[in-house]
2 protein chains.
Amino acid sequence: MGKHDDGQIGVVAALVRSTFLVNAVYAESAQKHGLTSQQGQLLCVLMAQPYGMGELSTMLGLAKSSLTGLVDRVERSGLVRRESDPQDLRTVRIALTPQGSRLAEGFYEETCRRIAQLPSELSARDRDTLADLLGRVVTDNKVPVVFIDHD
Amino acid sequence: MGKHDDGQIGVVAALVRSTFLVNAVYAESAQKHGLTSQQGQLLCVLMAQPYGMGELSTMLGLAKSSLTGLVDRVERSGLVRRESDPQDLRTVRIALTPQGSRLAEGFYEETCRRIAQLPSELSARDRDTLADLLGRVVTDNKVPVVFIDHD
DNA sequence: TGCCGTCAGTTCGCGCAGCGAACTTACGGC
DNA sequence: GCCGTAAGTTCGCTGCGCGAACTGACGGCA
């Protein structure tokens with residue numbers, strides 16, 4: 001923690017400030033697609049597969065009641081659908097509509113492009129190292145898969 | 001971008017997911033001090049020195065009208081004060097009150113501690129490397145100093 | 001069969017966050 | 001002294017997030 005002799009930033013400040021940066025880029029990209037950050041995040045999670053409200057609540061770290069509203073708004077935009085499970089009438093599965101799927105793809109693609117540009121000054125080798133180290137931090141801390149990798 | 005052969009995560013996903021992680025830790029730490037993330041961020045910025053509304057607006061990436069409300073709420077809690085500049089009666093300087101300064105110190109200290117724990121599985125050497133690489137990303141992209149390093 | 005604890009999700013009321021448009025006041029040049 | 005401009009505020013709006021209370025369905029168990 002704290003500055004090093006050579007003026008290098010501490011790992012804590014680096015994490016916080018890069019978070020600030022990614023937040024801004026993410027929000028900006030979402031806005032260009034008519035979404036909020038939270039809505040974009042929801043769509044990205046649903047790209048993998050449909051989930052129930054409880055699962056989404058856990059993955060996104062939100063109270064169930066917060067999720068109801070978020071899904072409501074996104075459903076109202078026609079991007080998502082509540083599907084009921086005939087096996088268990090209590091549960092609901094949130095799935096992307098075709099329109100939502102298209103929008104999610106577009107948002108995901110642009111967001112990836114923008115975020116990929118952030119470390120563009122780094123060498124390919126350094127980017128790999130960064131991905132490795134950050135990836136280990138992420139897995140060590142059991143961060144839910146709120147953003148997937150595609151091949 | 002995309003997964004590597006060895007299952008390593010891509011740099012984009014690593015950035016997004018670590019951002020998600022830091023956001024959560026930051027919010028949790030703020031909450032323990034009776035703050036929201038945004039209020040905590042404001043206090044951290046003001047730890048360095050007082051700023052005008054316009055400067056804060058730029059640094060935090062918010063509209064001026066958004067800042068008015070944020071400062072209002074924090075001022076109402078007695079953490080911050082609007083000081084008027086006799087040289088230019090239009091401008092206002094936002095400064096921490098003694099109470100706000102104490103709270104900011106406590107919040108900052110705990111947040112640093114928590115965030116420092118995130119890469120605790122990494123070797124000291126790897127943490128340094130991570131700090132270096134992320135620090136370069138941050139400076140390359142001209143992220144405002146929303147979180148400082150102390151020695 | 002009927003009851004009851006539990007689980008999934010929603011509703012409600014609240015305060016915070018963020019925005020743009022319109023406004024107020026002060027500064028400073030001419 | 002006037003006018004363009006700059007700094008902040010106000011207003012009305014939507015979205016976000018929470019906890020407490022509620023509804024309805026499931027499933028065990030007698």
Side-chain angles (χ1 to χ4, degrees), chain A residues 20 23-43 45 50-77 79-95 146, chain B residues 20 23-45 50-77 79-95 107 146:
Chain A
F20 186 82
N23 277 336
V25 172
Y26 199 96
E28 199 180 325
S29 175
Q31 194 185 14
K32 285 224 170 147
H33 290 81
L35 300 169
T36 64
S37 293
Q38 292 79 5
Q39 295 171 357
Q41 195 147 49
L42 176 60
L43 295 192
V45 168
Y51 287 103
M53 297 294 278
E55 293 170 300
L56 290 175
S57 169
T58 304
M59 293 178 72
L60 297 177
L62 298 177
K64 289 191 304 175
S65 58
S66 307
L67 221 71
T68 298
L70 181 57
V71 170
D72 279 351
R73 288 181 290 273
V74 177
E75 188 179 32
R76 212 174 300 137
S77 313
L79 304 176
V80 130
R81 205 175 48 209
R82 279 178 165 92
E83 303 177 342
S84 56
D85 178 4
Q87 302 305 314
D88 186 345
L89 294 181
R90 290 174 302 180
T91 70
V92 163
R93 295 185 73 70
I94 314 299
V146 289
Chain B
F20 186 82
N23 278 335
V25 172
Y26 200 95
E28 199 180 326
S29 176
Q31 194 185 13
K32 285 225 169 146
H33 289 81
L35 299 169
T36 63
S37 293
Q38 292 78 5
Q39 293 171 358
Q41 194 147 50
L42 177 60
L43 295 192
C44 282
V45 167
Y51 287 102
M53 296 295 276
E55 293 170 300
L56 290 175
S57 169
T58 303
M59 293 177 73
L60 298 177
L62 298 176
K64 287 190 305 173
S65 57
S66 308
L67 221 71
T68 300
L70 180 58
V71 170
D72 280 351
R73 288 182 290 273
V74 178
E75 187 179 32
R76 213 173 300 137
S77 314
L79 305 175
V80 130
R81 206 175 48 210
R82 279 178 166 91
E83 304 178 339
S84 55
D85 178 2
Q87 303 305 314
D88 184 345
L89 295 182
R90 291 173 304 177
T91 70
V92 163
R93 296 183 72 71
I94 314 299
F107 166 65
V146 289

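In the text below, chain A, chain B and the rest are named by the order of the sequence lines, each starting its count at 1. Bear in mind that the values here come from a model prediction, so they are computed numbers and not experimental data.
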task: Describe the nucleic acid contact of B/Arg76 in one word from base, sugar-phosphate, nothing, applying a heavy-atom distance below 4.0 Å.
output: nothing
task: Mind calculating the distance between CG (B/Leu42) and P (C/dG18) to the nearest angstrom?
output: 11 Å
field: 5' precedence on DNA chain C between A/Ser66 and A/Thr91 (nearest-nucleotide basis)
entry: A/Thr91
- prompt: Between A/Leu89 (CG) and C/dC7 (C1'), how many Å, whole number?
  reply: 14 Å
task: Using whole Å, report how far CG of A/Asn23 lies from P of C/dG18.
output: 11 Å
query: A/Tyr51 OH to C/dG9 P: how many Å, rounded?
result: 14 Å
task: Look at the side chain of B/Arg73 and the base of C/dC16, then say whether one donor and one acceptor between them are separated by less than 3.5 Å.
output: no
field: First-last contacting nucleotides on DNA chain D - partner chain B, under 4.0 angstrom, heavy atom
entry: D/dA6 to D/dT10
query: Is A/Thr68 touching bases, backbone alone, or none of the nucleic acid, heavy atoms closer than 4.0 Å?
result: base
task: Starting from the C-alpha separation in whole Å, work towards a yes-or-no answer on salt bridge (charged side-chain N to carboxylate O under 4.0 Å, His left out) for A/Arg82 and A/Asp72.
output: CA-CA 9 Å; A/Arg82 279 178 165 92; A/Asp72 279 351; 3.0 Å; yes
- line: What one should report as the nearest heavy-atom pair of A/Tyr51 and A/Val45 is CE1-O, 3.6 Å
field: Contact summary for B/Leu35 and B/Gly40, nearest pair of heavy atoms
entry: CD1-CA, 4.0 Å
query: Looking at side-chain heavy atoms only, is the closest gap between B/Val80 and B/Leu43 below 4.5 Å?
result: yes
- prompt: B/Gln38 side chain N/O closer than 4.0 Å to the phosphate oxygens (OP1, OP2) of C/dG18?
  reply: yes
task: Return the value, rounded to whole Å, for the distance between atom CG of B/Asp88 and atom P of C/dC27.
output: 5 Å
- prompt: Whole-Å distance between C/dT10 C1' and A/Met53 CE?
  reply: 8 Å
Sugar-phosphate, base or nothing in reach of B/Arg93, heavy atoms under 4.0 Å: nothing
- prompt: If every non-hydrogen atom of B/Tyr26 is compared with every non-hydrogen atom of B/Cys44, which pair is closest and at what distance?
  reply: OH-SG, 4.0 Å
message: Check the phosphate of C/dT6 against A/Arg90, side-chain N and O only, distance under 4.0 Å to OP1 or OP2. Yes or no?
response: no
field: Along DNA chain D (nearest heavy atom to each residue), the more 5'-positioned of B/Gly69 and A/Leu70
entry: B/Gly69
query: Looking only at heavy atoms, what is the nearest atom pair of B/Leu60 and A/Phe20, with distance?
result: O-CZ, 3.8 Å
message: Given B/Gln39, which partner from the list B/Leu70, B/Val71, B/Leu79 fulfils the side chain to side chain contact (heavy atoms under 4.5 Å, CB included) test?
response: B/Leu70
query: Just checking A/Gly54: base, sugar-phosphate only, or nothing, at a heavy-atom cut-off of under 4.0 Å?
result: sugar-phosphate
- prompt: How close do B/Ser57 and B/Ala63 get, heavy atom to heavy atom, and via which atoms?
  reply: OG-C, 4.0 Å
query: In whole angstroms, how far is the P atom of C/dG15 from the CD atom of B/Gln31?
result: 17 Å
query: What's the CD-P distance between B/Gln39 and C/dG15, to the nearest Å?
result: 14 Å
message: Regarding B/Ser65, tell me which of base, sugar-phosphate or nothing describes its non-hydrogen contacts under 4.0 Å with the strands shown.
response: base
task: Select base, sugar-phosphate, or nothing to describe what B/Leu67 touches, counting heavy atoms under 4.0 Å on all strands.
output: nothing
